[in-house]
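As structure tokens, the structure follows; a few thoughts come after it.
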Amino acid sequence: MAVHEELPADADAAAILQLHSIRESIDNIDAALIHLLAERFKFTQSVGRLKAAHGLPAADPARELMQIDRLRGLAGEAHLDPAFAEKFLNFIIAEVIHHHVKIAGGEPMDATRSAGAAGVAPNAAPRAAS
Ligand SMILES: O=C(O)C(=O)C[C@]1(C(=O)O)C=C[C@@H](O)C=C1
């Protein structure tokens, strides 16, 4: 799919060069995020198989609360909005729980549950922090 940039023809050449250079770093970071997520999902698939084999529940809300607390702290230190970090983690965990339930051969979870990741629809796009 060939998609072309939409930049004004009369844009400052130095600014465009700088934009391209910054975008290279953004692209590298996006690629790293995809690889990190792929690795995380490999591990959580193992957890899902382990849980299914031993009849353990797909979701562990206490573990989720600890992760949220930890990641909110890390986010604050890194000057990232802790609320966004929490939403992002909940979005990922909701997808993981969805996988766990599928591995265990169960029905999809009730996405209307309000607490933690179980209340996040796994296939909905996360909203950016405002
Ligand atoms: O640690 C677990 O028990 C997992 O299943 C992994 C994980 C996660 O993605 O971090 C997912 C679901 C649980 O509710 C808690 C954590």
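Order of listing sets the numbers, starting from 1, for every ligand and every atom in it. Just so it is clear, the model here is predicted, and its values are computed rather than measured.
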Can you list the atoms of ligand 1 that are under 4.0 Å from a heavy atom of His100? 4 (C), 5 (O)

Can you list the atoms of ligand 1 that are under 4.0 Å from a heavy atom of Arg40? 8 (C), 9 (O), 10 (O)

Among all protein heavy atoms in this structure, tell me which lies nearest to atom 14 (O) of ligand 1, with the distance rounded to 0.1 Å. Glu64 OE2, 2.5 Å

Donor-acceptor check, side chain of Thr44 to backbone of Arg40, threshold 3.5 angstrom: yes or no? yes

Which atoms from ligand 1 have a heavy atom of Lys51 less than 4.0 Å away? 2 (C), 3 (O), 4 (C), 5 (O)

Could you tell me which atoms of ligand 1, counted from 1 in the order shown, lie closer than 4.0 angstrom to a heavy atom of Gln67? 8 (C), 10 (O), 15 (C), 16 (C)

What protein heavy atom sits nearest atom 11 (C) of ligand 1, and how far away is it? Val96 CG1, 3.5 Å

If two hydrophobic side chains count as joined below 4.5 Å and joins carry through other members, does Val47 share a cluster with Val101? no

of all protein heavy atoms, closest to atom 1 (O) of ligand 1 is Arg63 NE, 3.8 Å

When rounded to the nearest 0.5 Å, the distance separating CG of Asp60 from CD1 of Ile97 is 9.0 Å

Hey, is the main chain of Leu56 close enough, under 3.5 Å, to the side chain of Lys51 for a donor-acceptor pair? no

Contact check, side chains of Phe41 and Ile92, non-hydrogen atoms, under 4.5 Å: yes

Heavy-atom pairs closer than 4.0 Å: do any link ligand 1 to the side chain of Ile97, the backbone, both, or neither? side chain

Leu71 with Met66, same ILVMFWY side-chain cluster at under 4.5 Å: no

With a 3.5 Å cut-off and no angle check, do the side chains of His99 and Glu95 form a donor-acceptor pair? yes

The closest protein heavy-atom partner of atom 13 (C) of ligand 1 is Asp60 N, 3.5 Å

Side chain to side chain contact (heavy atoms under 4.5 Å, CB included) partner of Glu64, chosen from Ile93, Leu89, Asp69: Ile93

At less than 4.0 angstrom from any non-hydrogen atom of Ile93, what atoms of ligand 1 do you find? 8 (C), 9 (O), 11 (C), 12 (C)

Could you say whether the N/O atoms of Thr44 and ligand 1 ever approach to under 3.5 Å? no

